[in-house]
Amino acid sequence: MNMVLLGPPGAGKGTQAGFLTTAYDLLHVSTGDMLRETVKEDSKTGREIAEYMNRGELVADSIVTRAVIERMSRPDAGAGVILDGYPRTRTQAESLDRSLKESGKSLDVVFYFKTSEDVAIRRLSGRRVCENCGRNYHVVNMPPSKDGVCDICGEKLFQREDDRPETVKNRLFVYGESTEDLIEYYRASGLLREVNGDTPAEELFEEIKALLLKESLI
Ligand code: ADP
Ligand code: ZN
């Protein structure tokens with residue numbers, strides 16, 4: 001099964017993707033995570049990507065699309081993927097469809113996380129990330145047992161550069177600009193399923209599972 005998670009920054013796509021990969025044999029493909037890995041390498045491309053990300057702007061389609069397609073062609077993606085943060089524009093959606101077709105694959109479902117702006121802002125501003133294992137926390141909603149320390153691996157938590165208020169605003173703006181087109185594209189294809197991104201994480205996961213069951217996807 002191949003699915004897309006679509007929604008604004010702070011919608012909780014990454015959290016649901018985490019639940020889904022734990023429950024089913026699916027690969028979580030997060031373009032945000034992949035780009036942050038490239039940034040860590042400290043190459044010329046990495047530095048360019050970091051500039052866009054830190055401003056909350058989109059990284060070039062060609063870079064992102066190439067990375068996603070490459071990732072999806074590896075053996076561990078065989079049983080299916082959860083695309084999180086991709087596609088973000090209609091152009092990316094069209095590129096994705098083309099490349100899936102070329103490899104005899106297709107999308108099964110697109111979950112649209114409809115989320116109110118104040119919920120998204122609160123989630124992003126309180127988010128803390130483990131610098132070692134990437135696990136996400138929230139200072140209020142999902143705090144670690146020990147302040148500033150990862151429950152899983154004991155390493156330090158930090159705030160993402162692009163989770164600072166000025167950048168958050170721009171990320172939401174950039175999302176708003178491209179989203180309508182993208183939603184329409186998937187609505188027309190009949191794959192779009194709308195869920196409420198404001199719903200607490202565990203409850204939303206139950207809803208998503210129920211929808212997947214109903215469509216015989218799990
Ligand atoms: P969020 O979805 O919460 O904004 P991500 O970690 O998915 O967070 O993305 C962070 C940044 O990475 C984006 O603001 C953008 O700069 C870049 N990025 C991620 N996915 C894409 C994409 N599909 N196309 C272009 N840029 C992307
Ligand atoms: Zn950790």
Side-chain angles (χ1 to χ4, degrees), residues 4-18 28-40 45-72 81-96 99 110-113 115 117 119-138 142-146 148-179 181-182 185 197:
V4 167
L5 305 184
L6 209 140
K13 306 181 297 283
T15 304
Q16 295 302 321
H28 179 195
V29 178
S30 155
T31 43
D33 287 349
M34 291 194 319
L35 292 169
R36 278 184 286 278
E37 284 301 314
T38 310
V39 167
K40 269 195 211 153
T45 318
R47 281 188 291 274
E48 267 171 36
I49 292 175
E51 271 183 40
Y52 282 97
M53 291 179 84
N54 292 342
R55 284 198 300 261
E57 281 160 26
L58 293 185
V59 173
D61 279 352
S62 54
I63 294 181
V64 185
T65 297
R66 201 181 323 122
V68 171
I69 300 304
E70 195 276 322
R71 188 67 193 89
M72 286 183 73
V81 294
I82 303 171
L83 293 174
D84 163 13
Y86 182 92
R88 250 180 168 79
T89 61
R90 193 190 175 102
T91 312
Q92 290 181 3
E94 287 167 353
S95 309
L96 176 65
S99 12
V110 176
F111 284 109
Y112 169 39
F113 290 50
T115 312
E117 193 166 293
V119 170
I121 290 173
R122 255 183 281 135
R123 286 182 183 158
L124 293 171
S125 56
R127 169 158 68 184
R128 299 293 180 272
V129 187
C130 172
E131 59 186 9
N132 178 47
C133 73
R135 165 77 178 238
N136 282 15
Y137 296 87
H138 188 281
M142 250 191 296
S145 338
K146 189 166 172 246
V149 178
C150 179
D151 289 344
I152 313 271
C153 70
E155 292 298 323
K156 265 208 305 247
L157 305 183
F158 73 105
Q159 178 169 44
R160 259 168 59 175
E161 181 86 7
D162 62 347
D163 279 346
R164 286 173 307 143
E166 320 80 69
T167 314
V168 163
K169 254 188 242 151
N170 197 38
R171 280 161 69 196
L172 288 167
F173 173 76
V174 168
Y175 169 79
E177 272 189 319
S178 55
T179 182
D181 228 18
L182 196 55
Y185 181 80

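Order of listing sets the numbers, starting from 1, for every ligand and every atom in it.
- Interface atoms of ligand 1 facing K13, defined by a heavy-atom separation under 4.0 Å, are 2 (O).
- Shown in contact with T31 at under 4.0 Å from a heavy atom are these atoms of ligand 1, numbered in order with element: 19 (C), 20 (N), 21 (C), 23 (N).
- A cation-pi arrangement is present between R135 and Y137, with the terminal nitrogen or guanidinium carbon under 6.0 Å from the aromatic centre and inside a 45° cone about the axis.
- R88 NH2, 3.6 Å is the protein heavy atom nearest to atom 7 (O) of ligand 1.
- Taking all heavy atoms of V59, N54, L35, T91 into account, the minimum distance to atom 18 (N) of ligand 1 is reached by L35.
- The local environment of CD in E117 is sparse, with at most 12 non-hydrogen atoms from other residues, nucleotides or ligands closer than 6.0 Å.
- Residue-ligand proximity, D162 to ligand 1, at heavy-atom distances under 4.0 Å covers atoms 10 (C).
- For the residues E51, R123, E57, the heavy atom positioned nearest atom 15 (C) of ligand 1 is part of E57.
- Here the angle at the Zn ion (ligand 2) defined by SG in C133 and SG in C130 stands at 110°, rounded to 10 degrees.
- In F173, the CZ atom is not crowded: 12 or fewer heavy atoms of neighbouring residues, nucleotides or ligands sit closer than 6.0 Å.
- Not a single donor-acceptor pair under 3.5 Å links the side chain of R128 to the backbone N or O of G148.
- Proximity to R36 (heavy-atom distance under 4.0 Å) selects the following atoms of ligand 1: 6 (O), 10 (C).
- Between D84 and ligand 1, no N or O atom pair is found at a separation short of 3.5 Å.
- Salt-bridge annotation for R164 and E161: present, with a side-chain N of the basic residue lying under 4.0 Å from a carboxylate O of the acidic one.
- Checked by atom type, the side-chain pair T167/D162 shows no donor-acceptor distance below 3.5 Å.
- Taking only nitrogen or oxygen atoms, main chain and side chain alike, S30 does not reach within less than 3.5 Å of ligand 1.
- Nearest heavy-atom pair across I82 and A17 is CD1-O, 3.9 Å.
- Between E94 and R90, at least one side-chain N (NZ, or NE/NH1/NH2) sits under 4.0 Å from a carboxylate O, which counts as a salt bridge.
- When the heavy-atom distances from atom 11 (C) of ligand 1 to R160, M53, Q92 are ranked, the shortest goes to M53.
- With a 6.0 Å cutoff to the six-membered ring centre and a 45° limit on the axis angle, R55 counts as a cation-pi contact of Y52.
- Proximity of L58 to ligand 1, defined as any heavy-atom pair under 4.0 Å, is shared by backbone and side chain alike.
- Around the Zn ion (ligand 2), the two atoms SG of C153 and SG of C150 are separated by an angle of 110°, to 10 degrees.
- Among protein heavy atoms, the minimum distance from atom 14 (O) of ligand 1 is reached at R171 CG, 4.0 Å.
- Taking only non-hydrogen atoms, the option from S178, G85, G56 nearest to atom 23 (N) of ligand 1 is G85.
- Annotation: the span from L172 atom CG to L124 atom CG amounts to 6.5 Å, rounded to 0.5 Å.
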